[in-house]
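Before any comments, here is the structure.
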Amino acid sequence: MADLRDEDDKGDKDDGDKQLLAAVQAALAAEHAAVYGYGVVGGRVGEGRRPEARTAYDAHRARRDDLRRTVRDLGGEPAPSAGAYELPFPVPDSAAAAQLAADIEDRVAGVYSDLVRASEGARRRGAADALREAAVRAVRWRGGSVAFPGLAERSAAPEASATPQA
């Protein structure tokens, strides 16, 4: 019987390894897209926010490179970046660039929340740090925060009335 349990444990470990690798690959894909997106942001954002865009661009490049190494360490082949990415909306000016940057950070935070769930130990701490950093950047770009960074927000929350209804 001990052999069967060992095999079951091994099967669970293999499933966990596959889930972890998939989550790391998803984070890598998000970082590829973020690097591309910040190229657009940097080209459209006002002069006063360009250093902020450059800092974010550099941070995403560093995370992307780290995730490539992590995928290899887990026995996988890092997913390559696409030649181009479709933007979620047109970016004709500085205001739209700031909105794109906040959107990028929201998406990255969502992917890192999945990686937090799939990992443990130091890798989980690293993913949590990345989620926090993305949430902070999103707040800076947006000028306000969300309740639970990394989780999908409700698009239209009902407003409570202070007046009782009969």
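Values in this document were obtained by computation on a predicted structure and should not be read as measured data. Starting from 1, each residue takes its place in the sequence as its number.
- Summarising the geometry of V111 relative to A30, their closest heavy-atom pair is CG2-CB, 3.9 Å, with the distance given to 0.1 Å.
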Enumerate donor-acceptor pairs with a distance under 3.5 Å from any side-chain N or O in residues 70-90 to protein atoms, sequence neighbours excluded.
unit_1	atom_1	unit_2	atom_2	d
T70	OG1	D66	O	3.0
Y85	OH	A82	N	3.0

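- Residues meeting the side-chain hydrogen bond (donor to acceptor under 3.5 Å, both in side chains) test with D93, sequence neighbours left out: none.
- The stretch residues 107-127 participates, sequence neighbours left out, in no ring-ring contact (aromatic ring centres under 6.0 Å, His included) pair at all.
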Go through the steps to decide whether R61 and D65 satisfy the test salt bridge (charged side-chain N to carboxylate O under 4.0 Å, His left out), and finish with yes or no. CA-CA 6 Å; R61 283 183 52 201; D65 294 346; 5.4 Å; no
Could you pull out all donor-acceptor pairs under 3.5 Å where a side-chain atom in residues 37-50 meets a protein atom, sequence neighbours excluded?
unit_1	atom_1	unit_2	atom_2	d
Y38	OH	E105	OE2	2.6
Y38	OH	W141	NE1	3.1
R44	NE	V91	O	3.0
E47	OE1	R50	NH1	2.4
R49	NE	E52	OE1	3.1
R49	NH2	E52	OE1	3.1
R49	NH2	E52	OE2	3.3
R49	NH2	R140	O	2.9
R50	NE	G42	O	3.1
R50	NH2	V45	O	3.3

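- Closest non-hydrogen pair, V116 versus A128, comes out as CG2-N, 3.5 Å.
- Between E31 and the choices H60, R63, R68, R64, the side-chain hydrogen bond (donor to acceptor under 3.5 Å, both in side chains) rule is met once, by H60.
- Take Q99 and apply the side-chain hydrogen bond (donor to acceptor under 3.5 Å, both in side chains) test, not counting sequence neighbours, and it matches no residue.
- The nearest pair of heavy atoms linking S113 to G110 is OG-O, 2.6 Å.
- Residues passing the salt bridge (Lys or Arg N to Asp or Glu O under 4.0 Å) test with R132 are D129, sequence neighbours excluded.
- The structure places CZ of R123 at 5.5 Å from CG of L20, a figure rounded to the nearest 0.5 Å.
- To the nearest 0.5 Å, atom CZ of residue R137 and atom CZ of residue R142 are 13.0 Å apart.
- Residues A134 and V108 approach most closely at CB-CG1, 4.1 Å, considering heavy atoms.
- Going from atom CD1 of I104 over to atom OH of Y36 covers 10.5 Å, rounded to the nearest 0.5 Å.
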